[in-house]
Peer 1: 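Below you'll find the structure I mean.
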2 protein chains.
Amino acid sequence: MTKNKGYEEAVRPVAFASAQEVARLAGVSRSAVSRAFTPGASISPDTRAKVEAAAAELGYHVNHLARGLMRQQTGIVCLVVADIHTPYLSSLIETLSRVLQEAGKVVMVLNAGRASGRVDEALRQTLNYRADATLVLSGTPYRSIAQSCLDSGQRLILLNRDDHLPGTVNLSVDNARAARTAANLFLRAGYRRLALVTSGIGTPSLTARRDCFLATAREAGRQVAVWEGGATAYESGLQGGTELFASDDPPDAVFAVTDLLACGVLDAARHRFGRSVPGEVGVIGFDDIEQAGWASYDLTTFAQPVSDISQWMVRIVAGGIVDEPADRVFEAPLVWRSSVARQL
Amino acid sequence: MTKNKGYEEAVRPVAFASAQEVARLAGVSRSAVSRAFTPGASISPDTRAKVEAAAAELGYHVNHLARGLMRQQTGIVCLVVADIHTPYLSSLIETLSRVLQEAGKVVMVLNAGRASGRVDEALRQTLNYRADATLVLSGTPYRSIAQSCLDSGQRLILLNRDDHLPGTVNLSVDNARAARTAANLFLRAGYRRLALVTSGIGTPSLTARRDCFLATAREAGRQVAVWEGGATAYESGLQGGTELFASDDPPDAVFAVTDLLACGVLDAARHRFGRSVPGEVGVIGFDDIEQAGWASYDLTTFAQPVSDISQWMVRIVAGGIVDEPADRVFEAPLVWRSSVARQL
DNA sequence: CTGAAAGCGCTTACAG
DNA sequence: CTGAAAGCGCTTACAG
């Protein structure tokens, strides 16, 4: 309350300088200070200079909280995400935060954990801080809370979700096509005993990859051994691979629905069963995480269009897309490496 | 300005309900609404119930921006960080954001890129949004801007920085001890031609690891081949390893100052020179990233005390540490795996 | 326990 | 181009 009383005596006030103080020092009005920090506002070069000098002297920084209260936007964009440490998501966050910042936004990260309900809790924070937009990178919000976001004027963008909530923008990746390509790659190369490894987490993306891979194999008259379990992580791939290769009819080709899983499968094949890759076992992953390119894996996979997704999200957030439908499906291009033979 | 005029006619107002509206609907004062959302405020169960009912009906969410304006804190904690996609940093962000949220804070991530000056730009944002605290995980801020943060009452915590700016809290890891341990491990096992691989980025941590490794080897009467270059990444390790193993006097033990580098070195040894690890070449890394535990690497390394660091940071941010010196050096425990022999 | 009032730090018509 | 004034949505002594 009296935070700035006694200001004159204090050597170094532990508090922020206000526009009021800057105005006083510069000998102009409070409004002039405001204008000096508003691009495009009408202010003479002279008073602007005076304001800037005073601001520098006082160490003044516009309070964006107060500004957000007046303007209809705060500049805050929320990222709702779980498993931040995961290679794919961390690169998405990396590039998303970069382009968002370049667009003048500031990003708030809400770690939604893996527990259910955490997404909704995050969305509530989003509302509390009056975010201009929120990008849901993992998990699915309940309709009611999502509706609240929409009602309050927030832009809500969901990544890889099935349920098209009206008012929401849905971005996704062409999982079906990639899964079909994976199956055909195996079949054409001459692999005969196909398998699929996926986690126990049934996100729409993973489910789509699984189903399309199975469908394509079936159309070609092939059975597919399916291993499903655990988290979407290396360990699950290692375990799944181990169980598959230990079975009576071990596969010679496995599509792992994620690179993390694929690395585990590959290590199981190579280190636990001494199988050569791609000669005895072909492996295909999905995501093109950095490790997929490392010499020990050199995984054939599909690249997440991280850059395209980020750019599109920013365009939506920055209001660059209006009236044209913002929903979009991005391609995940095949990245050829050496974990699957071209021809056996 | 007239955002809520015409509210009665609108089917669904695209705007936020205010405490004022909640008060009207609940038949209480504006203050009562405020109290209903302030833990510990004096309010009767009866009026609280009325307020909650009205709030639910209107979809009211306290505006934390306005709240932050009045209280002396915003609840915002900024993370200034570069290379977010990197395994070590992404796990630090993962656990930091989790514990911070559990402590009732909200985290803003400022991607400082790798360019110089970006840290200062980030710190300026920190000031604009009146963050309660900011944690600098990468890079070094200029004194002047750091001083501004301190002056404005922000808590400023720096990770692994050398320059102890007064007023700032400095957290670091015992790099010296780890590097010494690495050298001794090699020497005791019987490795004879030591090498060190580090990046061209001279952060205090990397420099300390390098210097202490070299000093320990020197004390034992050993020369160390040093490769230094590139970013702190797998590719640099691969290149460094390749050049070292191709030299006239190739090493039989290399300490890579980071796991990412170590993975590259190990792949160079194994895949480009057919050297067996740990029999012909021993490799030690630092960080204990997830990949260090993967079967293809199984890297002996030192674990970043991510959890301890996070917990300590949160205690400082939440005000749990007062008057006692908050600076701290954490140990990075050795993680024994199979990339270095116990005895050749 | 409760309400009226002042105030946080800003922006933006409005009138000059 | 400029200043006085109203208002954004909240909290918190103050007085009852």
Peer 1: Please give, in whole Å, the distance from D/dG9 C1' to B/R71 CZ?
Peer 2: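 Value for this atom pair: 13 Å.
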Peer 1: For A/E21 and C/dG9, give me the distance from atom CD to atom P, rounded to whole Å.
Peer 2: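 Value for this atom pair: 8 Å.
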Peer 1: Residues from residues 24-43 of chain A sitting under 4.0 Å of DNA chain C, heavy atoms only?
Peer 2: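 Of all residues in residues 24-43 of chain A, the ones placing a heavy atom under 4.0 Å from DNA chain C are A/R30, A/S31, A/S34, A/R35.
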Peer 1: Does C/dC10 have OP1 or OP2 under 4.0 Å away from a side-chain N or O of A/Y60?
Peer 2: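 Answer yes for this pair, as a side-chain N or O of A/Y60 is under 4.0 Å from OP1 or OP2.
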Peer 1: For A/S91, check side chain to side chain contact (heavy atoms under 4.5 Å, CB included) against everything at least two apart and list the hits.
Peer 2: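 A/S91: side chain to side chain contact (heavy atoms under 4.5 Å, CB included) contacts with B/H85.
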Peer 1: Could you tell me if the ring centre of A/Y60 sits under 6.0 Å from that of A/F16?
Peer 2: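 No, ring centres 6.0 Å or more apart.
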Peer 1: Among residues at least two apart in sequence or on other chains, which ones pass ring pair (Phe, Tyr, Trp, His ring centres under 6.0 Å) with B/Y88?
Peer 2: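 In terms of ring pair (Phe, Tyr, Trp, His ring centres under 6.0 Å), with neighbours along the sequence ignored, B/Y88 is linked to no residue.
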Peer 1: Going by side chain to side chain contact (heavy atoms under 4.5 Å, CB included), name the residues that satisfy it together with A/E102, two or more places apart in sequence or in a different chain.
Peer 2: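 Scan of A/E102 (side chain to side chain contact (heavy atoms under 4.5 Å, CB included), adjacent residues dropped) gives A/R98, A/V99.
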Peer 1: Can you figure out which of C/dT11, D/dT12, D/dC10 approaches the side chain of B/N63 most closely?
Peer 2: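 The nucleotide sitting nearest to the side chain is D/dC10.
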Peer 1: Send over the distance from A/Y129 OH to D/dC10 C1', rounded to a whole Å.
Peer 2: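 Spelled out: OH on A/Y129 to C1' on D/dC10 is 13 Å.
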Peer 1: Could you check whether any side-chain N or O of A/N111 sits under 3.5 Å from a backbone N or O of B/S97, counting only pairs where one atom can act as donor and the other as acceptor?
Peer 2: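 No, A/N111 side chain to B/S97 backbone: no donor-acceptor pair under 3.5 Å.
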Peer 1: Quick one: do A/R124 and A/E121 make a salt bridge, cutoff under 4.0 Å?
Peer 2: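 Judged by the 4.0 Å cut-off on N to carboxylate O distance, A/R124 and A/E121 do not form a salt bridge.
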Peer 1: Using side chain to side chain contact (heavy atoms under 4.5 Å, CB included) as the criterion, point out the one residue from A/Q73, A/Q72, A/Q154 that pairs with A/D132.
Peer 2: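 Between A/D132 and the candidates, side chain to side chain contact (heavy atoms under 4.5 Å, CB included) is satisfied uniquely by A/Q73.
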Peer 1: Check the distance between C/dG7's P and B/L65's CG and give it to me in whole angstrom.
Peer 2: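 One finds 22 Å between P of C/dG7 and CG of B/L65, rounded.
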Peer 1: A/L156 and side chain to side chain contact (heavy atoms under 4.5 Å, CB included): which partner among A/T126, A/V80, A/T168?
Peer 2: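 When A/T126, A/V80, A/T168 are each tested with A/L156, the side chain to side chain contact (heavy atoms under 4.5 Å, CB included) holds only for A/T168.
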Peer 1: Please state how far atom CD in B/Q72 lies from atom P in C/dG7, giving the value in whole angstrom units.
Peer 2: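 Distance check: B/Q72 CD to C/dG7 P gives 15 Å.
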Peer 1: Indicate every side-chain donor-acceptor pair of residues 305-317 of chain B with a distance under 3.5 Å to a residue at least two apart or in another chain.
Peer 2:
from   : atom 1 : to     : atom 2 : distance (Å)
B/S310 : OG     : B/T95  : OG1    : 2.8
B/S310 : OG     : B/V306 : O      : 2.7
B/W312 : NE1    : B/A326 : O      : 2.8

Peer 1: If only side-chain N and O atoms of B/T47 are considered, is one of them under 4.0 Å from the OP1 or OP2 phosphate oxygen of C/dT2?
Peer 2: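 For C/dT2, OP1 or OP2 has a side-chain N or O of B/T47 closer than 4.0 Å.
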Peer 1: Taking CD from A/Q20 and P from C/dC10, how many angstroms apart are they, rounded to a whole number?
Peer 2: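 Going from A/Q20 (CD) to C/dC10 (P), I get 10 Å.
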Peer 1: If I take atom CG in residue A/L69 and atom C1' in nucleotide D/dG7, what distance separates them, rounded to the nearest angstrom?
Peer 2: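 After rounding, the gap between these two atoms is 10 Å.
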Peer 1: Does B/R35 use its side chain to pair, donor to acceptor, with the backbone of B/A41 at less than 3.5 Å?
Peer 2: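 Absent.
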Peer 1: What interatomic distance, in whole Å, is found between C1' of D/dG16 and the corresponding atom of D/dT12?
Peer 2: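 To the nearest whole Å, 16 Å.
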Peer 1: Quick check for you: among D/dC10, C/dC10, C/dT2, whose closest atom lies nearest to any side-chain atom of A/R130?
Peer 2: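 Among the listed nucleotides, the one closest to the side chain of A/R130 is D/dC10.
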Peer 1: The side chain of A/R67 lies closest to which of these nucleotides: D/dC10, D/dC1, C/dC10?
Peer 2: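 The nucleotide sitting nearest to the side chain is C/dC10.
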Peer 1: Using the criterion of both pairing distances under 3.5 Å for Watson-Crick and G-U wobble pairs, give all stems of 3 or more consecutive pairs involving DNA chain C.
Peer 2: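 Result, WC/G-U stems under 3.5 Å: C:1-3 with D:14-16, C:5-12 with D:5-12, C:14-16 with D:1-3.
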Peer 1: Where the side chain of B/V62 is defined as all heavy atoms beyond and including C-beta, which of D/dT11, D/dT2, C/dC10 is the nearest nucleotide?
Peer 2: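 It is D/dT11.
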Peer 1: Expressed in angstrom and rounded to an integer, what is the separation of B/H64 atom NE2 from D/dG9 atom C1'?
Peer 2: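 It works out to 13 Å between those atoms.
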